[in-house]
Amino acid sequence: MSLLIKNGEIVTARERRFADIYCEGETITEIGENLDRSADEVIDASGKYVFPGFIDPHVHIYLPFMGTFSKDDYDSASRAALVGGTTTLIEMCCPSRSEEPRDAFKLWNSKAEGISACDYSFHMGVTGFDDSREEQLREIVEKEGITSFKVFLAYKGAFGIDDRELYQTLRLAKELGVVVTAHCENADLVAETQAKLVAEGKLGPEWHEPSRPVTVEAEGCSHLMAFAEMTGAEVYVVHTSCKPAVEAITSAKVRGVKATIETVIPYLILDSSYAERPDFEGAKFVMSPPIRSREHQDFLWKKLADGTIATVATDHAPFDFHTQKHMGHPDPEKAVDAKFNPLHRPADFTLIPNGIPSVEDRVNLLYTYGVTTGKIDLSTFVAVASTNAAKQFGLHPRKGDITIGGDADLVVYDPDYRGVISVDTQLMNTDYSGFEGVEIKGRPSATTIRGTVAARDGQFIGTPGLGKLLRRKTR
Ligand code: DUC
Ligand code: ZN
Ligand code: ZN
């Protein structure tokens, strides 16, 4: 199978040039002007950009969480990803504290293997630490090529770890050359503030943000930085939402701490007023850390443009509005009962499953509200949505670039497309879109995964099961 993409403008994080791309089998074999080649499939990219396949380094697809399960599987999520230009997913493998790492890895991988239409890898969640777990983690890194861990400083009693476990995890990561990705919020501050608000009768989704204010997130970041400094481990802070959190990390970097900052698309597009929408509508926008005010959003865009923030992921965590978000409805008539609510008290915002679906929309939203508004340039767009994640997580130059010998993961992007996001047309398996009615200027007209066209103009035409588990490099 051969593929020729002609007449497009190639845009990578390094360069922009008009050239053709020839791919044989799964690989890019030639890049040049006016390539005179016959091919099994030819795509005319006149008037379009050609980007490297986009990488989402932070998704949840199989997620047992807050008394329920996330709604996507690898079939729906990979279709949605490819239609939206994302060719590689890195999912958080999130075992419970009682689950063995080896079993968890096998379980998460079984959800993707033979089903996913795009490539994938995992950040191995560390939710406890002892000798047996250490041995299993070493094996997962060395045998499976899983070269990043995930820790939660929040969600005490569920995924959250204590400081001894955090120290041991970072020490092991340093030894193995593994990057530790971290959810940074102070779990005790969250628990105390939630309890206080609920006792005051503040039960609706609009109280989610005040229960996890920016100080809680900044403390989580400073906390992680101290441990990274003491161990010398490399850390990657996921879903950074606000100025104090970014500043806590950048000041540690000045001291020599090896830290990278991720933000996620909901923080760049939505704001805290969404969770204040009446009639429980705000629950659609409950995620953690919470979506902040416009002031923080403006700051995040500036820090993306100047390179302080390295990646834009999604934290895709899909839960239905009617059957799942309603577990936290304060009106007993409207609440969906849940095992997770054992006290049978009126429900409240602390029982709303945290998360917003967005794996399908990330690239188009970032292009529309970043590039077409002039907030970021095209090269930065490619860097933060693809190349930097590939470099950070041991996939570059195979992924995240357009280079001879690299995987033929390519996005032919139509900047003239105009459309509107809607639940009615999305491939993600939720009953709502957090971006309903939002205008899009541009979308992939073709997405290829290792030389095979998997999506065209909003339609999935790929092959379920074609996706591979990617072995990644250590540091
Ligand atoms: N935050 C979310 O909003 N959802 C899933 C997990 C997380 O950390
Ligand atoms: Zn998180
Ligand atoms: Zn997450």
Is any side-chain heavy atom of [X] closer than 4.5 Å to a side-chain heavy atom of [Y]?
X      : Y      : value
Ile352 : Met66  : no
Leu365 : Ile421 : yes
Thr88  : Asp407 : no
Thr387 : His396 : yes
Leu170 : Leu166 : yes
Arg212 : Pro289 : no
Trp108 : Cys94  : yes
Ile43  : Leu4   : no

Hey, is the main chain of [Y] close enough, under 3.5 Å, to the side chain of [X] for a donor-acceptor pair?
X      : Y      : answer
Ser433 : Phe435 : yes
Thr447 : Val411 : no
Glu360 : Leu427 : yes
Lys325 : Val286 : yes
Gln324 : Asp320 : yes
Glu262 : His239 : yes
Lys303 : Lys243 : no
Thr474 : Val178 : no
Arg475 : Thr147 : no
Arg471 : Lys143 : yes

Got a salt bridge between [X] and [Y], using NZ or NE/NH1/NH2 to carboxylate O under 4.0 Å?
X     : Y     : value
Arg37 : Asp20 : no
Glu9  : Arg16 : yes
Arg79 : Asp75 : yes

Legend entry - Matching residue for Glu229 among Lys253, Lys258, Arg255 - test: salt bridge (Lys or Arg N to Asp or Glu O under 4.0 Å):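 One option only clears the test, and that one is Arg255.
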
Inset, instruction - Please name the residue in the list Glu134, Glu142, Glu135 that meets the salt bridge (Lys or Arg N to Asp or Glu O under 4.0 Å) test with Arg138. - result: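 Only one of Glu134, Glu142, Glu135 forms a salt bridge (Lys or Arg N to Asp or Glu O under 4.0 Å) with Arg138, namely Glu134.
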
Inset, instruction - Please lay out, stage by stage, how His183 and Phe159 fare under the test ring-ring contact (aromatic ring centres under 6.0 Å, His included). - result: CA-CA 10 Å; His183 175 134; Phe159 304 129; 9.5 Å; no

Proximity of [X] and [Y] rings by center, below 6.0 Å:
X      : Y      : value
Phe65  : His60  : no
Phe381 : Phe54  : yes
Tyr267 : His296 : no

Restricting to non-hydrogen atoms, name the atom on [X] and the atom on [Y] that form the minimum distance, rounded to 0.1 Å.
X      : Y      : answer
Ile115 : Ser110 : CD1-O, 4.2 Å
Ile28  : Ile31  : CG2-CG1, 3.9 Å
Ile309 : Ile261 : CG2-O, 3.6 Å
Pro397 : Thr403 : O-CG2, 3.7 Å
Lys399 : Asp119 : NZ-OD2, 2.7 Å
Thr260 : Ala310 : CG2-CB, 3.6 Å

Within the 3.5 Å criterion, strictly below it, is a donor on [X] or [Y] matched to an acceptor on the partner's side chain?
X      : Y      : result
Asp72  : Ser76  : yes
Asp377 : Thr380 : yes
Thr311 : Gln392 : no
Ser241 : Arg292 : yes
Ser288 : Asn354 : yes
Gln297 : Arg294 : yes

Inset, instruction - Tell me, with the steps shown, if Arg171 and Gln168 meet side-chain hydrogen bond (donor to acceptor under 3.5 Å, both in side chains). - result: CA-CA 5 Å; Arg171 185 195 49 74; Gln168 299 291 349; 3.0 Å; yes

Does atom [atom1] ([X]) have a neighbourhood of more than 12 heavy atoms from anything else shown, all under 6.0 Å?
X      : atom1 : result
Lys6   : NZ    : yes
Asp306 : CG    : yes
Gln459 : CD    : no

Enter the distance from [X]:[atom1] to [Y]:[atom2] here, rounded to the nearest 0.5 Å.
X      : Y      : atom1 : atom2 : value
Leu3   : Asp40  : CG    : CG    : 9.0 Å
His58  : Ile265 : NE2   : CD1   : 14.0 Å
Cys93  : Asn109 : SG    : CG    : 9.0 Å
Leu268 : Ile376 : CG    : CD1   : 8.5 Å
Asp431 : Lys284 : CG    : NZ    : 8.0 Å
Ile61  : Asn429 : CD1   : CG    : 12.0 Å

Inset, instruction - Using the salt bridge (Lys or Arg N to Asp or Glu O under 4.0 Å) rule, take Arg277 and Glu436 through it: C-alpha gap first, then chi angles, then the decisive distance, then the call. - result: CA-CA 14 Å; Arg277 289 187 169 182; Glu436 188 70 36; over 6 Å; no

Legend entry - Test log, rule side-chain contact (heavy atoms from CB on, under 4.5 Å), inputs Leu82 and Thr87: CA-CA 6 Å; Leu82 286 161; Thr87 51; 4.0 Å; yes

Inset, instruction - Show your working on side-chain contact (heavy atoms from CB on, under 4.5 Å) between Arg443 and Val363 and close with a plain yes or no. - result: CA-CA 8 Å; Arg443 77 167 179 191; Val363 170; over 6 Å; no

Inset, instruction - Hey, can you tell me if Phe51 and Tyr367 have their rings parallel, tilted or perpendicular (30° and 60° cut-offs)? - result: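 Tilted: the ring planes of Phe51 and Tyr367 meet at 30° to 60°.
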
Inset, instruction - Quick one: sort the Phe105 and Phe122 rings into parallel, tilted or perpendicular, breaks at 30° and 60°. - result: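 The arrangement is perpendicular - the two ring planes meet at more than 60°.
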
Inset, instruction - Dump the intermediate steps for side-chain contact (heavy atoms from CB on, under 4.5 Å) on Asp457 and Tyr417, then the final yes or no. - result: CA-CA 9 Å; Asp457 302 317; Tyr417 174 79; over 6 Å; no

Legend entry - For Tyr74, the option from Glu91, Lys111, Glu113 that meets side-chain hydrogen bond (donor to acceptor under 3.5 Å, both in side chains):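 Only match with Tyr74 under side-chain hydrogen bond (donor to acceptor under 3.5 Å, both in side chains): Glu91.
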
